[in-house]
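Everything on this sheet refers to the single structure shown next.
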Amino acid sequence: MRGKNKILITGAAGFIGSFASKYYSNLGYEVMGIDSLNSYYNVDLKNSRLNEILELTNFTFNQLDMIQLDKLGEVFNSFKPNLVLHLAAQAGVRHSLVDPNSYLESNIISFYNLLECLKNSSVEKFVFASSSSVYGNSMDVPYAESDKTNSPVSLYAASKKSNEVLAHSFAFNNNIPTIGLRFFTVYGPKGRPDMAYFKFADLISSRKKIIVYNKGEMSRDMTYIDDIIHGLSKAVSFENFTNDIPFEIFNLGNNSPVSTWELVRYIEKYFNTKADYSFEDSSIEVKETWANINKSKKLLEFNPITTFSDGMDNFLDWFTEYKNIN
């Protein structure tokens, strides 16, 4: 970056956002974190992440809902970031069936508001979180960035696809380098409680029944949080755009899908407890996610190194302590 290292990170109390905030604060960057601290999942976990980062001297926090354009503009005017990492979103595929309006407000209107603020700022680069969900139910695996993404199967996926389209238009019209990162099932300590690996650990450890969708005939390209932060940092420093428009999309995945049953069996073994489960069908759960990371390897030098067993052990060790499990 050419100017002062001032980074605005949205979703700073979230899973990926908190790790990114800590990473750049520890590097000596001046970091401003914003987050609405909504109650989609336990706010105590968000506050726990946030309190840890607030101990760092060069991190400041502003509780803010990005749907408030005027308040967001005030942050830009006062902080004057030269880099923006947009990691805030209403997450979750299934929750979009329950509260669709939250996805429109958080993932589309708020994203538009952010772009409006970026237009009149001194920001030199914009990096935002997209999702593997944009690939829909495509059977053409592993997914490459050049694949079609015009058939989302959930409102969440559609909102993430809209982010990519809006960001492309923004980069074209404002000539501000912009990068979208398609994350593939990010997991690890302090992760999101709505994710399958977290819910399975919670229910199996407490000997409660888990719901297995679509007879467990699914798999996810689980990517450990440290590898995601590594890829994100490479995107921040990336300069060699291949097109006339300063816009790129990258997959950040592990290129190694884990089946539902492999995940369940691993958690069973860790807690020495047999899972009690029931089946449900779900049309919005895609069968498989699998990242082709050739482009990210070549252009970002992205190289995920955390094995599934090492990553899950790290998560489950943290989870055991977090839940006070003997």
Side-chain angles (χ1 to χ4, degrees), residues 15-16 86-87 89-97 100 103-104 106-108 111 127-169 171 178-187 191-192 194-197 213-225 227-228 231-232 234-235 242-243 247-260 262-263 281-300 302 304 308:
F15 178 33
I16 302 174
H86 178 54
L87 303 173
Q90 175 56 61
V93 170
R94 300 192 60 77
H95 188 66
S96 64
L97 298 174
Y103 291 78
L104 297 177
S106 298
N107 297 3
I108 298 179
F111 191 84
V127 179
F128 69 97
S130 187
S131 167
S132 62
S133 66
V134 300
Y135 292 108
N137 243 330
S138 172
M139 294 293 101
D140 187 16
V141 291
Y143 303 144
E145 292 88 346
S146 57
D147 291 350
K148 292 182 179 179
T149 56
N150 56 1
S151 300
V153 297
S154 69
L155 180 57
Y156 170 72
S159 72
K160 285 299 185 178
K161 174 62 178 179
S162 76
N163 288 173
E164 295 184 359
V165 175
L166 288 169
H168 185 277
S169 172
T178 300
I179 296 175
L181 301 175
R182 292 175 179 166
F183 295 140
F184 282 71
T185 312
V186 187
Y187 76 105
R192 280 177 24 217
D194 64 314
M195 299 285 282
Y197 73 93
Y213 294 110
N214 302 333
K215 299 180 180 179
E217 298 172 350
M218 301 185 298
S219 61
R220 296 290 181 265
D221 197 357
M222 298 182 67
T223 316
Y224 191 65
I225 183 64
D227 292 325
I228 287 293
L232 188 151
K234 290 291 188 177
T242 57
N243 302 312
F247 178 85
E248 290 284 359
I249 291 286
F250 293 103
N251 285 341
L252 292 188
N254 201 35
N255 193 31
S256 182
V258 176
S259 72
T260 298
E262 186 179 356
L263 175 61
D281 291 331
S282 175
S283 61
I284 65 170
E285 295 285 349
V286 300
K287 182 177 177 60
E288 183 176 27
T289 65
W290 183 355
N292 179 328
I293 56 175
N294 290 340
K295 180 181 177 182
S296 297
K297 280 185 174 182
K298 179 180 179 181
L299 299 181
L300 298 183
F302 172 64
F308 170 68

Next on the checklist: According to side-chain contact (heavy atoms from CB on, under 4.5 Å), who are the partners of A167, at least two apart in sequence or on a separate chain?
Outcome noted: F111, F128, T178, F247
Item to check | Short side-chain to backbone donor-acceptor contact, E248 and T242, under 3.5 Å | outcome: yes
Next on the checklist: Which heavy atom of A235 sits nearest to which heavy atom of L181, and what is that distance?
Outcome noted: CB-CD2, 3.9 Å
Checklist entry - Does N292 offer a backbone N or O that forms a donor-acceptor pair with the side chain of N255 under 3.5 Å? => result no
Checklist outcome for this item: Residues Y213 and R94: closest non-hydrogen pair is OH-NE, 3.0 Å
Checklist entry - Between V258 and M222, what is the shortest heavy-atom contact and its length? => result CB-SD, 4.2 Å
Item to check | Main-chain N/O of L252 paired with S296 side-chain donor or acceptor, under 3.5 Å | outcome: no
Item to check | salt_bridge(E262, R220) N-O dist < 4.0 Å | outcome: no
Checklist entry - For the residue pair Y224 and Y187, does the interplanar ring angle fall in the parallel (under 30°), tilted (30 to 60°) or perpendicular (over 60°) class? => result perpendicular
Checklist entry - Rounded to the nearest 0.5 Å, how far apart are NE2 of H95 and CD of Q90? => result 4.5 Å
Checklist entry - How many angstroms lie between atom CG of L232 and atom CG of D227, to the nearest 0.5 angstrom? => result 12.5 Å
Checklist entry - Between the side chain of D221 and the main-chain N/O of A291, is any donor-acceptor distance below 3.5 Å? => result yes
Checklist entry - Counting only heavy atoms not in K295, do more than 12 sit closer than 6.0 Å to its NZ atom? => result yes
Checklist entry - Sub-3.5 Å donor-acceptor pair from the side chain of N163 to the main-chain atoms of N107, do we have one? => result yes
Output side-chain donor-acceptor pairs under 3.5 Å for residues 146-156, partner residues at least two apart or in another chain, one line each.
| unit_1 | atom_1 | unit_2 | atom_2 | d |
| --- | --- | --- | --- | --- |
| D147 | OD2 | A144 | N | 2.9 |
| T149 | OG1 | K161 | NZ | 2.6 |
| S154 | OG | A157 | N | 3.0 |

Next on the checklist: So if I apply the side-chain hydrogen bond (donor to acceptor under 3.5 Å, both in side chains) rule between N251 and each of Y143, Y135, W290, which one comes out positive?
Outcome noted: Y135
Next on the checklist: Quick one: does any side-chain atom of K160 pair with a main-chain N or O of A129 as donor and acceptor, under 3.5 Å?
Outcome noted: yes
Next on the checklist: If I compare all heavy atoms of S219 with all of S259, which pair ends up nearest, and what's the gap?
Outcome noted: CB-CA, 3.8 Å
Next on the checklist: Looking at A91, is its backbone amide N or carbonyl O close enough to the side chain of Y103 to form a donor-acceptor pair, meaning the two atoms are under 3.5 Å apart?
Outcome noted: yes
Checklist outcome for this item: Note: N214 and S282 closest approach over all heavy atoms is OD1-N, 2.8 Å
